[in-house]
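In what follows, a structure is listed as structure tokens, so that the remarks can point back to it.
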Amino acid sequence: MRVLVVEDDAETAAYVARGLKEQGHGVEVAGDGRDGLFLALDQTFDVIVMDRMTPGMDGLSVVKSLRAGGVVTPVLFLTALGGVGDRVEGLEAGADDYLVKPFSFSELNARINALGRRAPMREQTISVLKLGALELNRLQRSARVGDKMLDLKPKEFQLLEYLMQNADRVVTRTMLLEHVWDFHFDPKTTIVETHISRIRAKLEACGPEAPNIHTVRGAGYMLDAN
Amino acid sequence: MRISLAIRSTRTRVAGFMVILFLAAFGVSGLATWLALTAPVEESTQARLLREASQVTGLYATHSRAQALKLIATREKRPTGYNFLITDPAGRRLDGDLPEQAFPDGLTTFKWKAPPLATGDDDVRMLVMTVRMPDGVRVSLGEDLERSRQLQVSFLRTFILTSGAALFIALAVGLSYVTRILRRIELIAATADAVSAGEIGLRAPVRPPERRDDIDHLAIAMNGMLDEIERLLVSVRQVSDDVAHDLRTPLAHLRQRVEVALAGPPDFDAYRQALNGAVEKIDDVLATFEALLRIGQLEAGANLAAFQPVDIAETARSVAEAFRPSAEDAGHDLSVVAARPEIVQGERSLITQMVANFVENALIHTPKGTTIELRVERIGPVVRLVVEDDGLGVTPAEREQIFRRFYRVDRSRTTPGSGLGLSLAAAVAHAHGADIRAEDAAPGLRIVVDFPAPVA
């Protein structure tokens, strides 16, 4: 993927760029908002990582200008502002995701991958998701492995759906909390772990052809076709 | 209290203004009175005497002599009358207060030595008009030539005395009133100065409600502002105290851990383990920091998105649903009682976090087998959220404290948690204008949050 990083803090920009290159992405870095806007309009990117407060032109205005200019490239906001109002403001301006500094690189990477995959907007309209023997019917809200039906609670279904949309990609705990439960905070309780282990048990009960949910140490979870 | 320069200068200006105003007012009224007073005086003494003489002549002509003499005497003895003398044809006094003397007919001047009512022993200069009647009786009428001037002088003297006294009284009363008001304003200003200088607890004096005026309202408004500023200051100070206190400890641990790893023999695995541990510790510190910031922002009322309708019943159900598997695994029973949607104005993610914090708090701090119940109900003007458990509960003294930052009841010191969950929940409640309290559920703890119900 080609990723544009708009970040005025050189250290953060270098850290993000190096990590993304190691993951095999092409990276362009802009040091201020104006350069970022120019690059984003001039070239094609899969994801834009945008600092909220950049010199020249602030992140909010850049995103607004991009959207006004018809650029639909997914934008991930990086910000030191963690207030609830700030997140809502960022998303309303047209950003697709929001990450508060300081963040771990694995968190950023997982989110960039999720955003890059979402770009074609295909999954949103598909009514049946398939991964190996696992089939998820989004209209009937039902799931099965081969001919065995999975008995899933509503949240378990949502969780599995999200994992399938991001199959073969790492999904972090925070991403799951935000997308499945709409929790924008980090609970002390092992909500995610408990749900994952229940789904895992249900999948395993269907036999060895069911996909696995792997735990990726220090990063999150990944569903793969087995 | 010492009178400040500012008061003195304002008072001087007010006094000057009052004097000018007074002089102008008295000047106008004095001039008017003076004009009214001098108008008849202008008419000369001579003309008046001549007119009076013709009056007297008329009386004499229309009455019998005896009657006429009596009438004239009565007329001139009135307060407005003249000095007079009536003599028979032989020149003997018949009546009158002027000395017996043969005045020539017509007008003449006459120096009256030692007049009966004179003040001092000044002679009085008189103008005398004498008319001779057909039968030889003569009537002389006299007027003190200086009487009108004296009138004016006495008027002026009285006028200046009274207006001077009035001016003095008005100045004294007015200035003392103005000084009192200025002193009160000065007190308010002094309070503001003292607060600026650091005495944040000082407030301007306010009189009891039945005696309040505009200045008290000014003082009340300023005091209200100071209260708010103090509240914010205290909350900021509290945050920095908390940060200093509760972030320093884990940072110190982190430093020790890294130091120990560095001090040991070079070992890749040991380093890796130490770094992993360090990242975890840093994440804990960051989480605490984030929670503190959030509480601070909420308490300051900053960074809130616009409130929207939030169904608390729905929120309680979804939070319970999220935590139920964990609760079941831990042997807790988690249930929700919410008959119908209860809408309040709020920020959904914050309210969700608040409810989640209550549930987590109950899950972490109660023994296995505890029942946790969430209730949402409308009670009159409030939408009430109740989170109740039948666990060990807390003592009444602790109940007062559990919403404070970093407060942890004694037996929880060793359980995980930052001690910020409930204070963050309390900050969320306050940001929504909700009332939050902890009650004894006998046994267990009951947390009650009363949101203002939407106006129908």
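Side chains included, hydrogens not; waters and symmetry mates left out as well; all remaining heavy atoms used. If you're wondering where the values come from, they're calculated on a predicted model, not measured in any experiment.
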Check the surroundings of atom CD in B:Glu228: do more than 12 heavy atoms from other residues, nucleotides or ligands lie under 6.0 Å from it?
yes
So which part of B:Ala322 gets closer than 4.5 Å to some heavy atom of chain A, the side chain, the backbone, both or neither?
both
Check the surroundings of atom CZ in A:Phe157: do more than 12 heavy atoms from other residues, nucleotides or ligands lie under 6.0 Å from it?
yes
When the 4.5 angstrom heavy-atom criterion is applied to B:Arg348 and chain A, the contacting part is side chain
Taking atom CD of A:Gln23 as the centre, report whether more than 12 heavy atoms of other residues, nucleotides or ligands fall under 6.0 Å from it.
yes
What part of B:Asp283 is in contact with chain A, defined as an atom under 4.5 angstrom from a non-hydrogen atom: side chain, backbone, both or neither?
neither
Gap between atom CD of A:Glu156 and atom CD of B:Glu321 - 0.5 Å precision
9.0 Å
Mind checking the CZ-CG spacing from A:Arg217 to B:Asn276? Nearest 0.5 Å is all I need.
6.0 Å
Is a side-chain donor or acceptor of B:Gln353 paired with a backbone partner of A:Phe185 at a separation under 3.5 angstrom?
no
How long is the span from the NZ atom in A:Lys188 to the CG atom in B:Asn361, to the nearest 0.5 Å?
11.0 Å
Can you establish whether the number of heavy atoms outside B:Gln273 located under 6.0 Å from its atom CD is more than 12?
no
Here the gap from A:Ser104 atom OG to B:Leu286 atom CG, rounded to the nearest 0.5 Å, amounts to 11.0 Å
Name the region of B:Leu363, side chain, backbone, both or neither, that has any atom closer than 4.5 Å to a heavy atom of chain A.
side chain
Which residue in the set A:Thr190, A:Thr194, A:Thr189 passes side chain to side chain contact (heavy atoms under 4.5 Å, CB included) when paired with B:Phe323?
A:Thr189
What distance do A:Lys155 atom NZ and B:Ser318 atom OG have between them, rounded to the nearest 0.5 Å?
6.5 Å
Given that the side chain runs from C-beta out, which part of A:His184 has a heavy atom under 4.5 Å from chain B: side chain, backbone, both or neither?
both
In terms of heavy-atom contacts, B:Pro325 and A:Arg198 come closest through O-NH2, 3.5 Å
